[in-house]
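These values consider heavy atoms only, across backbone and side chains, with no hydrogens, waters or symmetry-generated copies.
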Amino acid sequence: MEIILMLIVAYLLGAIPSGVIIGKLFFHTDIRQAGSGNIGTTNTYRVLGPTAGTIVMAMDILKGTLAAAQPALFHLPVNALLIGLGAIVGHTFSIFIGFKGGKAVATSAGILLAYNWHFFLIASAIMFTLVYLTSMVSVASMTSLTLVSLIAIFYYQDWILSVIAVILTIFIFYRHRTNIKRILAGTESLVHFGLGWRHYQRKQ
């Protein structure tokens, strides 16, 4: 019963549509009707600016962290990663916005923060480095998850972490399938900083 309750709480936490809330509350904008239509950090940053984007990213990370921290908070012998998966389902299929949602990259990072904060710092460093090098969050997200999976398998040798990391990597690639098409076509959107953005500006 405790596991079911934690999964329900994790789902409801993950289902909180941070981008929609911030957009409507402070900018009178429905983020789903602007930019790419995604409710996550990248589209929020693109449409509402870096402050809003950073707040949404922090909120989405926090959702995953709180969800995965439940076993520790209630002193229950349940793997935090397994409970955290409820937040990913909630973020991706939110009951509050018609069972639609984001791509769950930040929420996945939040789960990792609750499970292994050292690994979270490594994963964050990889992610932000790749964003700076490519100026494409989609490429950085997919590459980061791939590298995180490899590190989990070959360095940490944690089989639960490894299996979930691989599953999440496949899921993230699937959620980015339209981005992959745009990357191959050379039409993927860039964030307005980093080496990729500078290279693009020099070509104009």
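Note on residues 189-204: no pairs pass salt bridge (charged side-chain N to carboxylate O under 4.0 Å, His left out), not counting sequence neighbours.
With values rounded to the nearest 0.5 angstrom, Ile164 atom CD1 is found 8.5 Å from Trp159 atom CH2. Here the straight-line distance linking atom OG of Ser144 with atom CZ of Phe128 works out to 9.5 Å at 0.5 Å rounding. Rounding to the nearest 0.5 Å gives a distance of 12.0 Å between NE2 of His118 and CG of Leu112. Note that OG1 of Thr92 is 13.0 Å distant from CZ of Phe99, once rounded to the nearest 0.5 Å. Rounding to the nearest 0.5 Å places CD1 of Ile172 at 7.5 Å from CD1 of Ile88. In this structure, CZ in Arg177 is found 14.0 Å from OG in Ser138, a value given to the nearest 0.5 Å.
The closest donor-acceptor contact from the side chain of Thr44 to the backbone of Gly53 lies at 3.5 Å or more, if one exists at all. Using modelled atom types, one side-chain atom of Thr29 and one backbone atom of Phe27 make a donor-acceptor pair closer than 3.5 Å. Using a distance-only test at 3.5 Å, with no hydrogens or angles considered, a donor-acceptor pair links the side chain of Tyr11 to the main chain of Phe93. At least one donor-acceptor pair closer than 3.5 Å links the side chain of Arg175 to the backbone N or O of Gly102. Side-chain atoms of Gln70 come within 3.5 Å of backbone atoms of Met6 as a donor-acceptor pair (strictly under, hydrogens ignored). Judged by distance alone, the side chain of Thr65 and the main-chain N or O of Ile111 form no donor-acceptor pair under 3.5 Å.
Residue Ile31 comes nearest to Asn38 through the heavy atom pair CG1-O, 3.7 Å, listed as atom of the first residue, atom of the second, then distance. The two atoms that bring Val78 and Pro71 nearest to each other are O-CB, 3.3 Å, heavy atoms only. Of all heavy-atom pairs between Ala15 and Phe96, the closest is O-CD1, 3.2 Å. Contact detail for Gly64 and Ala87: the closest heavy-atom pair is CA-CB, 4.3 Å. In terms of heavy atoms, Ala34 sits closest to Val47 at CB-CG1, 3.7 Å. Heavy atoms only, all atoms of each residue included: Arg46 and Ser189 are closest at NH2-CB, 3.6 Å.
Using a 4.5 Å heavy-atom cutoff, the side chains of Phe26 and Leu48 are not in contact. Contact of the Met142 side chain with the Ile183 side chain is registered, since non-hydrogen atoms from C-beta on lie closer than 4.5 Å. Using a 4.5 Å cut-off on side-chain heavy atoms (C-beta onward), Ile167 and Val163 make contact. Side-chain atoms of Ile160 and Asp158, non-hydrogen and from C-beta on, do get closer than 4.5 Å to each other. Using a 4.5 Å heavy-atom threshold, the side chains of Lys63 and Ile16 count as touching. Contact of the Thr54 side chain with the Tyr45 side chain is not registered, since no non-hydrogen atoms from C-beta on lie closer than 4.5 Å. Side-chain contact between Val131 and Met127 is present, with heavy atoms from C-beta onward closer than 4.5 Å.
Grouping the Ile, Leu, Val, Met, Phe, Trp and Tyr side chains by contacts below 4.5 angstrom, directly or via other members, places Leu81 apart from Ile83. Both Ile180 and Leu145 sit in one connected hydrophobic cluster of ILVMFWY residues. Membership requires side-chain heavy atoms under 4.5 Å apart, directly or through other members. No path of Ile, Leu, Val, Met, Phe, Trp and Tyr side chains, each step under 4.5 Å between heavy atoms, connects Val139 with Tyr132, placing them in separate hydrophobic clusters. Linking ILVMFWY residues whenever their side-chain heavy atoms come closer than 4.5 Å, directly or via other members, places Val148 and Ile61 in the same cluster. Leu76 and Leu12 are not part of a single hydrophobic cluster, where members link through side-chain heavy atoms under 4.5 Å apart.
A donor-acceptor contact closer than 3.5 angstrom is absent between the side chains of Thr107 and Asp60. One side chain, Ser149 or Thr169, offers a donor N or O that lies under 3.5 Å from an acceptor on the other.
Within a 6.0 Å radius of CZ in Phe193, more than 12 heavy atoms belonging to other residues, nucleotides or ligands are found. The number of heavy atoms from other shown groups lying within 6.0 Å of CD1 (Ile3) does not exceed 12.
Aromatic pair Trp197/Tyr200: ring centres closer than 6.0 Å.
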